[in-house]
Amino acid sequence: MRFSTAVVSLACAFGVVAAFPFNGFVADPATITECGDETDLLKIHNYTLTPNPPQRGQNLTIEAYGNLSEDVVEGAKIHLIVKLGLIKLLTKELDFCTESATIHKNCPLVAGEQSLYHSVELPKEIPPGKYLVNIKVINPDDKQVTCLIARAQFGVKKKKKGPRKDKNGR
Ligand SMILES: *[C@@H]1O[C@H](CO)[C@@H](O)[C@H](O)[C@H]1NC(C)=O
Ligand SMILES: *[C@@H]1O[C@H](CO)[C@@H](O)[C@H](O)[C@H]1NC(C)=O
Ligand SMILES: *[C@@H]1O[C@H](CO)[C@@H](O)[C@H](O)[C@H]1NC(C)=O
């Protein structure tokens, strides 16, 4: 499933940054927000997604900076959930060090300032809709490295607030 590959490769970036899938023709910009608390080991300073909104069949580049207060070590896990609307498409537990190696970040990921610059080619065939990706990274001592929520929207079905038009276009 190329779609999850894209998600995973981004998820691993940084030791931590996020996953994004997808996008479409009309869409709101994609966002990444932290959903953990003060005790999370990673603090994200900032990030940029290019292009934003992301486009199907194009490269999505993420650039992110953060600060890690403790090493992320061998045995750390990534908990990944991907939803399309209310539907859970994927729930997966991955080995952090295995995944991070695929983007040339080796374990342990040493505490200190972190930067990430990574591109992933988005599949052409991403179904339209609102995607939510929740990524948690947990060290073997159960300390949470980060909790991130990435949101992106693809294609066609842009929802606007306000009344819907009826069949006659009113
Ligand atoms: C993001 O944070 C890094 C490191 O703190 C800083 O060097 C960079 O200027 C920041 N970029 C933006 C766009 O704020
Ligand atoms: C995405 O980036 C790769 C590597 O830089 C490049 O080979 C590829 O042509 C790019 N794809 C698109 C659709 O721009
Ligand atoms: C990064 O975190 C370390 C340890 O928590 C701290 O000493 C340092 O000042 C932080 N750096 C930045 C730029 O926030």
Side-chain angles (χ1 to χ4, degrees), residues 1-78 80 82 84 96-131 133 135-156:
M1 193 177 174
R2 286 186 62 197
F3 155 76
S4 69
T5 308
V7 172
V8 167
S9 56
L10 273 169
C12 294
F14 214 33
V16 186
V17 168
F20 258 66
F22 351 97
N23 172 50
F25 308 111
V26 277
D28 295 329
T31 58
I32 301 172
T33 52
E34 292 180 288
C35 47
D37 60 34
E38 295 296 298
T39 62
D40 280 15
L41 305 182
L42 181 79
K43 302 278 180 289
I44 294 178
H45 301 318
N46 61 49
Y47 70 90
T48 317
L49 297 168
T50 312
N52 198 1
Q55 303 296 318
R56 290 184 182 95
Q58 291 187 17
N59 285 332
L60 172 65
T61 300
I62 180 167
E63 186 174 2
Y65 296 89
N67 193 3
L68 187 63
S69 61
E70 292 179 25
D71 296 359
V72 185
V73 301
E74 201 72 48
K77 298 289 180 211
I78 300 171
L80 181 69
V82 180
L84 170 56
F96 176 85
C97 293
T98 305
E99 302 302 326
S100 66
T102 67
I103 57 158
H104 312 296
K105 297 272 180 189
N106 294 320
C107 277
L109 192 67
V110 179
E113 291 293 304
Q114 304 292 322
S115 66
L116 167 74
Y117 185 91
H118 190 64
S119 288
V120 60
E121 194 168 314
L122 298 180
K124 289 199 181 84
E125 63 279 5
I126 298 165
K130 286 188 178 179
Y131 289 82
V133 181
I135 298 153
K136 286 184 192 170
V137 181
I138 315 279
N139 249 346
D141 63 2
D142 283 340
K143 285 189 186 167
Q144 185 161 285
V145 178
T146 191
C147 174
L148 299 172
I149 291 184
R151 293 174 200 274
Q153 197 181 340
F154 284 87
V156 199

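Since we're looking at a predicted model, the values are computed, not measured. Indexing begins at 1, ligand by ligand and atom by atom, following the structure's order.
Counting protein heavy atoms only, atom 6 (C) of ligand 2 is closest to Asn59 ND2, 4.2 Å. Of all protein heavy atoms, the one closest to atom 5 (O) of ligand 1 is His45 CD2, 3.6 Å. The single protein non-hydrogen atom nearest to atom 10 (C) of ligand 3 is Asn67 ND2, 2.3 Å, given as residue, atom name and distance.
Here is the list of ligand 2 atoms found below 4.0 Å of a heavy atom in Gly57: 13 (C). Taking a cut-off of under 4.0 Å to the non-hydrogen atoms of Glu121, the atoms of ligand 2 that pass are 1 (C), 8 (C), 10 (C), 11 (N). Those atoms of ligand 1 with a heavy atom of Asn46 less than 4.0 angstrom away are 1 (C), 2 (O), 3 (C), 8 (C), 10 (C), 11 (N), 12 (C), 14 (O).
By the 3.5 Å distance cut-off applied to N or O atoms, Gln58 is not counted among the residues near ligand 2.
Each of Leu68, Asp71, Asp40 was checked for a side-chain contact (heavy atoms from CB on, under 4.5 Å) with Val145, and the lone residue meeting it is Leu68. When each of Leu42, Ile138, Val72 is tested with Thr146 by the rule side-chain contact (heavy atoms from CB on, under 4.5 Å), just one qualifies, namely Leu42. Among Ile44, Thr33, Val133, the single residue meeting the side-chain contact (heavy atoms from CB on, under 4.5 Å) criterion with Leu148 is Ile44.
Two residues are said to be in side-chain contact when any heavy atoms from C-beta on lie closer than 4.5 Å; Pro108 and Glu70 fail this criterion. Residues Tyr65 and Thr48 form no side-chain contact, since every pair of their non-hydrogen atoms from C-beta on lies 4.5 Å or further apart.
Shown here for Gln144 and Cys147, the closest heavy-atom pair between the two residues is NE2-CB, 3.3 Å. When all heavy atoms of Gln153 and Lys130 are compared, the pair lying nearest together is CG-CG, 3.8 Å.
Distance check on atom 13 (C) of ligand 3: some protein heavy atom falls below the 4.0 Å cut-off. Within the 4.0 Å cut-off (strictly below), a protein heavy atom is located near atom 2 (O) of ligand 2.
Contact between Glu113 and ligand 3 is present, with at least one heavy atom of the residue lying under 4.0 Å from the ligand.
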